Amino acid sequence: MLAQSEGNYAEALQNYYEATRPEKDPYDRSFILYNIGLIHTSNGEHTKALEYYFRALERNPFLPQAFNNMAVICHYAILEGDSEIAEAWFNQAAEYWKQAIALTPDNYIEARNWLKITKRFELE
């Protein structure tokens, strides 16, 4: 984690990949996979990041931060992609944010507000 916090992403990725080999506990493994997803997100490798967030959630479905990061990737994907599919990306982002909010109702205030404004989620 030190390499990651210092911005040495290549070294951090190598360390995390090595840590996945011996780690058998699904809960601990989910956080390693989540951190790999974070690095890919930081590097702009969103497809890889989504893959690792999905893998983390397969092992631990109670990672609201993974749902949040997946929602952010989907939300901003329209800036780089086809505007005709923007609505689908926004809907996918909404689904991920709903899951994150369900796990941690007091977090993700900006996402909650976006869901209200866009009428994608009726809260309270």
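Remember, it's a predicted structure, so these values are computed and weren't measured experimentally.
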For a quick test of reading the model, state the closest non-hydrogen atom pair linking [X] to [Y] and the distance between them.
X: Pro61; Y: Leu103; value: O-CD1, 3.6 Å
X: Asn60; Y: Ser30; value: CB-OG, 3.2 Å
X: Arg120; Y: Ala94; value: CD-CB, 3.6 Å
X: Cys74; Y: Gln92; value: SG-CG, 3.7 Å
X: Arg59; Y: Arg55; value: NH1-O, 2.8 Å

### Query
Are the side chain of Arg112 and the backbone of Pro105 linked by a donor-acceptor contact shorter than 3.5 Å?
yes
### Task
Return the set of residues passing side chain to side chain contact (heavy atoms under 4.5 Å, CB included) with Glu45 (not counting sequence neighbours), or none when no residue passes.
His40, Asn43, Lys48
### Set of side chain to side chain contact (heavy atoms under 4.5 Å, CB included) partners for Thr20, sequence neighbours left out
Arg29, Ile32, Leu33, Ile36
### ring pair (Phe, Tyr, Trp, His ring centres under 6.0 Å) contacts in which one or both residues fall within residues 53-73, not counting sequence neighbours
Tyr34-Tyr53
### Query
Hey, would you say the Trp97 and Phe90 ring centroids sit under 6.0 Å apart?
no
## Note on the structure
Residues at least two apart in sequence or cross-chain that pass ring-ring contact (aromatic ring centres under 6.0 Å, His included) with Tyr96, listed by chain then number, are none
### Task
Only counting residues at least two apart or in another chain, list the ones meeting ring-ring contact (aromatic ring centres under 6.0 Å, His included) with Tyr27.
Phe31
### Message
The criterion is side-chain hydrogen bond (donor to acceptor under 3.5 Å, both in side chains); which residues satisfy it with Glu58, sequence neighbours excluded?
### Response
none
If you round to the nearest 0.5 Å, how far is [atom2] of [Y] from [atom1] of [X]?
X: Tyr52; Y: Thr47; atom1: OH; atom2: OG1; answer: 13.0 Å
X: Glu23; Y: Asp28; atom1: CD; atom2: CG; answer: 4.5 Å
X: Asn68; Y: Ile101; atom1: CG; atom2: CD1; answer: 8.5 Å
X: Glu110; Y: Leu115; atom1: CD; atom2: CG; answer: 12.0 Å

### Query
How about Glu18 and Gln14: does a side-chain donor come under 3.5 Å of a side-chain acceptor?
yes
